[in-house]
Each structure stands twice: as C-alpha cells, then as structure tokens.
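Since the structure is predicted, the reported quantities are computational estimates derived from the model, not experimental observations.
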Amino acid sequence: MKTTDSDLVRKSDGPGGPGLPAQRTAPGTPPPSSDGPSKTGGTLNVFSHGVLVIWAFLVAMPLLWAVMTSFKDDKSIFDSPWSLPDRLHFENWSRAWTQAHMSEYFLTTIVVVAGSLIGTLLLGSMAAYVLARFDFPGNRFLYFLFIGGLSFPVILALVPLFFVMNNLGLLNTTHGLILVYIAYSLPFTVFFLTAFFRTLPTSVAEAALIDGASHSRTFFQVMLPMAKPGLISVGIFNFLGQWNQYLLPTVLNTDPDRKVLSQGLVQLAVSQGYKGDWSGLFAGLVMAMLPVLGAYIIFQRQVVAGLTAGALK
C-alpha cells in the first residue's frame, strides 16, 4: 500500500497541533480540568456583586427615606417613620420654598456656585496647561505649591482670611465669596487637570502652532475642547464641594439676606426649637439634594470618561 505525504501529515496531527505528536497520558490519569479558574472567578463575581448591592442599599436608602419623609406630615414622621405617606403633602415643599425662604437661598447659591465654578475651571485649566506643557524655571515648584494647598486645612486659614476679606471690604458680598470659593478649589483643579493635559497628544498643538496659531488660540480652540472630559469631571467634583460648602460662608457671609443654601438649612433646623416643622425641613433638604443628583446623573458618563482617560492612554 502506497502512503502519501498528506496521509503522514494527517496521521501525525494530534492535540498539540498539526504535525505534532499526540500527547500521551498514563493509564488511569484523569484528564486536566479547566473548571478551577472559572469557579474561582464565579465566586469572586458573586462576592463583588453582593458587596455592590449592599453598598448601593446603604447609599440609596437614606436618600429614598428623606424623599418619602418630605411628603409626610409631622405626626406621621414620628408615628410611622418607615411607612409610606398616606397622601402626598405637597404643601411641605411650598411652605419650605416660601416661608422658609428656600427660594432666596437657592438663588444666592446658584449665583455663587456658577460664578466660582466658571472662574475655577478657567483659571485652573490655564494654570494646568502651562504647568503640563511648558518647561520653565520654577515649574515644579509652582506645581508642588498647588499640591501643598490640598494638604492645608481650611479651618486654619479662617481667622486670617476673615481679616483679609474685612480689610478688602469683601465681607458679606457675593463676589467676595466667589473669590474665596475659587481659591479654595484651585489646588485640586490644577492637580487634576495637569495630569489630564499631559495625556493629550502634543502633535495636535504643534500642528496648530505651525499653522500660525498663537499659544492662546491653540489653548482655547484646540487643547481646551480636547480636555472636555477632564473639565466635566473636575467641574462635577467642584460643584459638589462648593454647593455643600458650609464652613466658609458661615464665617465670611453673615448677612441674613445673602445666605447660601447650607446656611439656610441650618437656620431652618435651629429656628424650629421645640415646635419643629420637620416635614418642611425634609422638603428643604430634598430641594438641596436634587441639583447635585441631577448634575451627576446627567454627566455620569463624562465623569467616568474623564477619570479613566489618563489610564487608557
């Protein structure tokens, strides 16, 4: 019988691949099992998902309870705190909005946070771009100076900051509080955006400069749009910190007509005394939470993209 080359190749094909001899195992030896890693991975997935479910429950339950309580009357809050409201008491929200002056606190907070957020992103992005893209004497010193601002407790600067603001005539003013918020938020903004600008491609900026664009035009029209995910991420973090800020406005903003939302909530809680409007207080608390939750829900994808952009590149 004549044997061809194709028959030899076919006969020599084994589990090791074409043209390789088949692997031999000793009699009675069980074949290798691949269930070990999959079982381990499945156990880890179940454990991680369980931890996430517990964490989500711990975070969501207080929020849902506060929303539910804001639609109850004062008697139901104490008699049945965990039950659903018998009906939706929308008068709690209207009473908090008008009688507790939450509308005025809301407007003041929006003006202060909007002005400080725009100023923080503008100045922080400009400083971060220079520190990330240009080498000059003192570059690292300025960078670490901003980093040092992250480790400096704000409470230690309250007394000298009060006298500085008083000497400048900026106490109890909206623009003075905006300037303090900008200075408070700049260290983290510069730290975050400096690392982000370093991940952006240098060739794009060089091409714009070769085409005749100035450094300022390159920054505002080329590099700043490319840094949009990072700007949104750091903007969300600054928005959360500035919206919930209480210590700085308490010291620097004592005018009752210019109080921000956090001061208004504390005043609403303290002024109740023994005859408290707890339903109105919870309604005001939910009002203060809604803008923060809405901003994060709308921009959650951009926040994740900005946080992971540096790692992916």
Side-chain angles (χ1 to χ4, degrees), residues 56-118 120 172 174 177-178 180-181 184-185 232 235-300 303:
F57 178 80
L58 294 177
V59 172
M61 275 304 298
L63 300 179
L64 296 177
W65 183 77
V67 174
M68 180 183 68
T69 307
S70 66
F71 291 103
K72 291 183 175 182
D73 55 1
D74 293 337
K75 186 176 183 301
S76 300
I77 292 177
F78 292 97
D79 292 344
S80 54
W82 300 108
S83 64
L84 294 174
D86 52 354
R87 66 180 182 88
L88 299 180
H89 295 269
F90 290 102
E91 63 271 12
N92 300 338
W93 288 63
S94 61
R95 188 171 62 253
W97 185 257
T98 56
Q99 298 181 11
H101 307 288
M102 293 297 295
S103 58
E104 301 175 6
Y105 302 146
F106 231 94
L107 180 61
T108 304
T109 306
I110 290 176
V111 172
V112 172
V113 173
S116 60
L117 194 60
I118 293 174
T120 301
N172 300 324
T174 302
L177 197 59
I178 290 175
V180 173
Y181 276 19
Y184 168 77
S185 305
I232 293 178
I236 292 297
F237 291 133
N238 285 327
F239 175 75
L240 296 177
Q242 295 172 2
W243 186 270
N244 297 322
Q245 182 60 241
Y246 174 72
L247 189 60
L248 290 175
T250 300
V251 176
L252 306 175
N253 187 33
T254 57
D255 189 355
D257 297 331
R258 290 189 173 91
K259 287 188 175 182
V260 296
L261 197 57
S262 57
Q263 292 176 285
L265 288 175
V266 173
Q267 182 178 353
L268 179 60
V270 173
S271 63
Q272 293 177 24
Y274 292 100
K275 188 178 180 181
D277 184 10
W278 297 104
S279 56
L281 178 61
F282 276 99
L285 179 63
V286 175
M287 289 181 188
M289 291 190 305
L290 287 179
V292 177
L293 293 176
Y296 186 79
I297 291 173
I298 294 173
F299 297 105
Q300 59 178 334
V303 171

Check your understanding: For V286, does its backbone N or O pair with a side-chain atom of W93 as donor and acceptor, under 3.5 Å?
Key -> no

**Study point:** T250 and V266: CA distance, side-chain angles, deciding distance, side chain to side chain contact (heavy atoms under 4.5 Å, CB included) verdict
**Key:** CA-CA 10 Å; T250 300; V266 173; over 6 Å; no

Review point. Closest heavy-atom contact between P85 and M68?
Key: CD-CG, 3.6 Å

Check your understanding: Excluding sequence neighbours, so at least two apart, what forms salt bridge (charged side-chain N to carboxylate O under 4.0 Å, His left out) with D73?
Key -> none

Point to revise | Set of residues satisfying side chain to side chain contact (heavy atoms under 4.5 Å, CB included) with respect to Y184, sequence neighbours excluded | key: V154, Q245, L248

Review point. Among all residues two or more places apart in sequence or in another chain, which pass the side chain to side chain contact (heavy atoms under 4.5 Å, CB included) test with A295?
Key: I236, F239

Study note, to complete from the structure: When rounded to the nearest 0.5 Å, the distance separating NE2 of H101 from OG1 of T108 is 12.0 Å

Point to revise | Residues that Q99 engages under side-chain hydrogen bond (donor to acceptor under 3.5 Å, both in side chains), provided they are two or more places apart | key: none

**Study point:** Value rounded to 0.5 Å, distance of CG in D74 from OG1 in T69
**Key:** 11.0 Å

Exercise for review: Provide the closest heavy-atom pair for A96 versus M102 in the form atom of the first, atom of the second, distance.
Suggested key: O-CG, 2.8 Å

Review point. If you round to the nearest 0.5 Å, how far is CG of L265 from CG of L281?
Key: 7.0 Å

Practice item. Please list all pairs passing the salt bridge (Lys or Arg N to Asp or Glu O under 4.0 Å) test where one or both residues lie in residues 92-112, with sequence neighbours left out. Key: R95-D277

Revision key, fill the gap. The side-chain hydrogen bond (donor to acceptor under 3.5 Å, both in side chains) partners of Q242 (sequence neighbours excluded) come to S116, S185

Exercise for review: Taking all non-hydrogen atoms of both residues into account, name the closest pair between Q263 and P249 and its distance.
Suggested key: NE2-O, 3.1 Å

Point to revise | ring pair (Phe, Tyr, Trp, His ring centres under 6.0 Å) partners of F106, counting only residues at least two apart | key: W97, W243

Exercise for review: To the nearest 0.5 angstrom, please state how far the CE atom of M61 sits from the CH2 atom of W82.
Suggested key: 5.5 Å

Review point. With sequence neighbours excluded, what pairs up with Y105 under the side-chain hydrogen bond (donor to acceptor under 3.5 Å, both in side chains) test?
Key: Q267

Revision key, fill the gap. Residues passing the side chain to side chain contact (heavy atoms under 4.5 Å, CB included) test with F90, sequence neighbours excluded, are F71, L88

**Study point:** Test side-chain hydrogen bond (donor to acceptor under 3.5 Å, both in side chains) applied to T254 - qualifying residues, sequence neighbours left out
**Key:** N172

**Study point:** Counterpart residues, side chain to side chain contact (heavy atoms under 4.5 Å, CB included), relative to I298 (two or more places apart)
**Key:** none

Point to revise | Distance in Å, D86 CG paired with K72 NZ, rounded so as to fall on 0.5 Å steps | key: 9.0 Å

Check your understanding: For N92 and S70, which heavy atoms make the closest approach, and how far apart are they?
Key -> ND2-O, 3.0 Å

Exercise for review: Return the minimal non-hydrogen interatomic distance between R87 and E91, and the atom names on each side.
Suggested key: NH2-OE2, 3.8 Å

Revision key, fill the gap. Rounded to the nearest 0.5 angstrom, the OG1-CD1 distance for T120 and I178 is 10.0 Å

Check your understanding: How far apart are the closest heavy atoms of L117 and G235, and which atoms are they?
Key -> CD1-O, 3.6 Å

Review point. Taking only residues at least two apart or on different chains, which pairs with a member in residues 256-267 satisfy salt bridge (Lys or Arg N to Asp or Glu O under 4.0 Å)?
Key: D255-R258

